Peer 1: 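Below is the structure I would like to discuss, written out as structure tokens.
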Amino acid sequence: MKKFSFGIIGLGTMGGNFILNINDHGFSVAGYDKDKVKTDALNAERSTDLFEAFSSLPAFMDSLETPRNIILLVPAGKVVDIVINELKPYWGDNDVIIDCGNSHFTDTQRRVDELSGEKIHFMGMGISGGETGARYGASIMPGGDREAHARIAPMLNAVCAKVDGEPCTAYMGNGAAGHYVKMVHNGIEYAIMQTLSECYHLMKVYGQMSNAEIQQTFDAWNKGRLQSFLVEITAAIFKQPDDLKSGELVDSILDTAAQKGTGAWTSQDAANVASPIPVIDAAVSQRIISAMRAQRQIAAKQFPAEASEVAVNKEALLKQLEAALYSTYIVCYAQGFQMLANASEEYKYNISLSSVASIWRGGCIIRAAMLVKIKEAFAQDADLKNIMLNDFFAKELNEAKASFKSVVSQALATGIPVPALSSALNYYLSYHSGWLPANVIQAQRDFFGAHTYQRNDREGTFHTNWNQTIH
Ligand code: 6PG
């Protein structure tokens with residue numbers, strides 16, 4: 001009996017599409033899912049004997065070449081552990097098991113450690129690009145066992161997205177590096193999505209623009225330096241008709257954003273690796289505030305909005321808004337990449353930031369023209385502390401600064417919340433402030449807790465008996 005080179009466990013949307021993608025590239029692949037409806041549906045699509053879907057685990061395991069290459073596309077969390085345990089009685093020497101869900105990096109690290117004494121190799125691999133990516137080419141972020149990666153790399157190089165002929169996959173680093181990079185990807189995804197929603201808010205409420213005008217604006221931006229998947233789909237959203245009534249669908253969608261947690265994970269670990277990511281934090285908080293709809297409805301009555309009397313010059317606003325969005329994009333990537341650099345050091349991942357920028361250029365949700373420049377920046381200087389220090393990005397931010405400040409001021413003066421745009425601006429302003437008022441914080445700490453401070457005119461550690469007048 002002919003054996004298959006790869007096996008996929010979990011034939012839901014991602015697994016079902018991935019199996020077809022692998023197959024399209026000439027690799028033989030078997031799939032396994034307990035749900036016979038899914039396996040029957042896939043087998044019905046079969047036009048070659050290069051793939052087959054099984055609903056029996058022993059038959060599936062037996063259908064694979066040894067050592068086996070098994071890809072898990074099952075929901076992150078407990079299910080991954082359950083599946084690994086189910087595989088145990090069947091696995092053989094040097095089998096490779098690759099978890100491709102959105103697993104928390106600490107779960108991946110735990111599994112790497114727990115399975116390190118076993119005869120198999122375990123890897124964590126982030127995949128971005130949703131259904132279309134799984135089917136036609138995603139950005140693939142593998143990490144962990146290098147030997148195992150070398151074995152599956154030819155297949156990954158074939159099935160991933162390509163930019164200028166280069167594959168959007170590369171080995172990300174040790175341990176849970178693949179899932180860590182994917183987590184930060186999602187943090188950036190949250191931040192950019194929030195920023196785009198704020199631009200929409202400004203255009204709709206402050207600029208009094210119609211959906212058609214908003215669509216044209218995003219579309220025009222997508223043809224310039226802001227070219228990116230998220231700007232592209234945001235433009236498209238504004239011309240989708242409502243299938244249940246007249247007008248555009250976007251106006252009928254309830255204003256509460258859901259989340260599965262990956263953005264919040266990024267915020268949670270940023271503190272552990274001492275990496276400020278305020279735009280991502282703001283995006284996570286804003287999804288939560290959006291979901292507090294009932295409270296917002298009550299508060300809206302208690303704090304009525306002031307009517308804006310400002311006559312807005314639309315053309316000028318849009319020019320400034322483009323610059324503010326562009327600056328925030330730079331800041332979002334700056335924060336994400338700096339977090340990856342810190343985490344790489346803290347967790348000994350050995351991540352190459354230029355490889356990350358390279359594989360995020362295509363296939364993934366945060367793909368953007370700007371990543372070409374970010375890749376160049378890290379290729380020039382692998383130790384670059386922050387992309388805002390790179391000459392190109394510093395120049396771009398300087399040129400956009402006046403517009404960036406103006407947009408945030410106008411929004412706040414009008415009472416329009418812009419947490420992502422404003423925290424990006426605050427981060428940028430703080431980052432290039434040669435002096436910050438933290439001397440007062442040190443004085444306060446020393447005042448109430450004798451925590452000591454350092455001086456700016458001599459070496460040493462100091463404590464003062466402050467002129468205590470407070471009882
Ligand atoms: C991707 C996405 C994907 C993620 C969704 C939903 O890269 O393809 O990041 O992995 O699951 O974007 O995330 P939320 O439900 O948390 O918005």
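Since the model is a prediction, treat every value here as computed from it, not as a measurement. Order of listing sets the numbers, starting from 1, for every ligand and every atom in it.
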Peer 1: Within the 4.0 Å heavy-atom shell around I365, which atoms of ligand 1 are there?
Peer 2: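 Going through ligand 1 atom by atom, the ones under 4.0 Å from I365 are 1 (C), 2 (C), 7 (O), 8 (O).
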Peer 1: Between E396 and K373, does any side-chain N to carboxylate O distance fall below 4.0 Å?
Peer 2: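 Salt bridge flag = no for K373 with E396.
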Peer 1: Give the residue, atom name and distance (to 0.1 Å) of the protein heavy atom nearest atom 10 (O) of ligand 1.
Peer 2: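 Nearest protein contact, heavy atoms only, for atom 10 (O) of ligand 1 is K182 NZ, 2.7 Å.
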Peer 1: Tell me the protein heavy atom at minimum distance from atom 8 (O) of ligand 1, and give that distance in Å.
Peer 2: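 Ranking protein heavy atoms by distance from atom 8 (O) of ligand 1, first comes G129 N, 3.0 Å.
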Peer 1: Among all protein non-hydrogen atoms, which one is nearest to atom 16 (O) of ligand 1, and what is the separation to 0.1 Å?
Peer 2: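 Of every protein heavy atom, Y190 OH, 2.5 Å lies nearest to atom 16 (O) of ligand 1.
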Peer 1: By number and element, which atoms of ligand 1 are closer than 4.0 Å to a non-hydrogen atom of H185?
Peer 2: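 Counting from 1, the qualifying ligand atoms are 7 (O).
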Peer 1: Does only the side chain of R287 get under 4.0 Å from ligand 1, or the backbone, or both, or neither? Count heavy atoms.
Peer 2: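 Just the side chain.
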Peer 1: At their closest point, which heavy atom of T169 faces which heavy atom of P142, and how far apart are they?
Peer 2: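 Between these two residues, the closest heavy atoms are OG1-CD, 3.6 Å.
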Peer 1: Please report which non-hydrogen protein atom sits nearest to atom 9 (O) of ligand 1, along with the residue it belongs to and the distance in Å to one decimal place.
Peer 2: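 Sorting protein heavy atoms by distance from atom 9 (O) of ligand 1 puts E189 OE1, 2.6 Å first.
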Peer 1: Within a reach of under 6.0 Å around CG of D255, are more than 12 heavy atoms found that belong to other residues, nucleotides or ligands?
Peer 2: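 It does: D255 CG has more than 12 such atoms within range.
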Peer 1: List the closest protein heavy-atom neighbour of atom 11 (O) of ligand 1: residue, atom name, distance to the nearest 0.1 Å.
Peer 2: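 Of every protein heavy atom, N102 ND2, 3.3 Å lies nearest to atom 11 (O) of ligand 1.
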Peer 1: D33 and side chain to side chain contact (heavy atoms under 4.5 Å, CB included): which partner among L11, I8, I9?
Peer 2: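 Of all the options given, the one that passes is L11.
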Peer 1: So does K204 have more than 12 non-hydrogen atoms from other groups sitting under 6.0 Å from NZ?
Peer 2: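 Atom NZ in K204 is not crowded, with 12 or fewer foreign heavy atoms closer than 6.0 Å.
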Peer 1: Looking at R146, I want to see if its CZ is surrounded by more than 12 non-hydrogen atoms of other residues, nucleotides or ligands under 6.0 Å.
Peer 2: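 Atom CZ in R146 is not crowded, with 12 or fewer foreign heavy atoms closer than 6.0 Å.
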Peer 1: Considering only protein heavy atoms, which is closest to atom 6 (C) of ligand 1, and at what distance to one decimal place?
Peer 2: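 Checked against all protein heavy atoms, atom 6 (C) of ligand 1 sits closest to K260 NZ, 3.8 Å.
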Peer 1: Evaluate the ring planes of H149 and Y171, with Trp represented by its six-membered ring, and classify them as parallel (under 30°), tilted (30 to 60°) or perpendicular (over 60°).
Peer 2: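 The arrangement is tilted - the two ring planes meet at 30° to 60°.
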Peer 1: Can you sort out which atoms of ligand 1 are near G130, meaning under 4.0 Å from one of its heavy atoms?
Peer 2: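 Answer, ordered by atom number: 8 (O).
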Peer 1: Under 6.0 Å from the CG atom of N85, do we count more than 12 heavy atoms belonging to anything else shown?
Peer 2: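 Above 12, so yes.
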Peer 1: Can you tell me the protein heavy atom closest to atom 7 (O) of ligand 1 and the distance?
Peer 2: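 Of the protein heavy atoms, S128 OG, 2.5 Å lies nearest.
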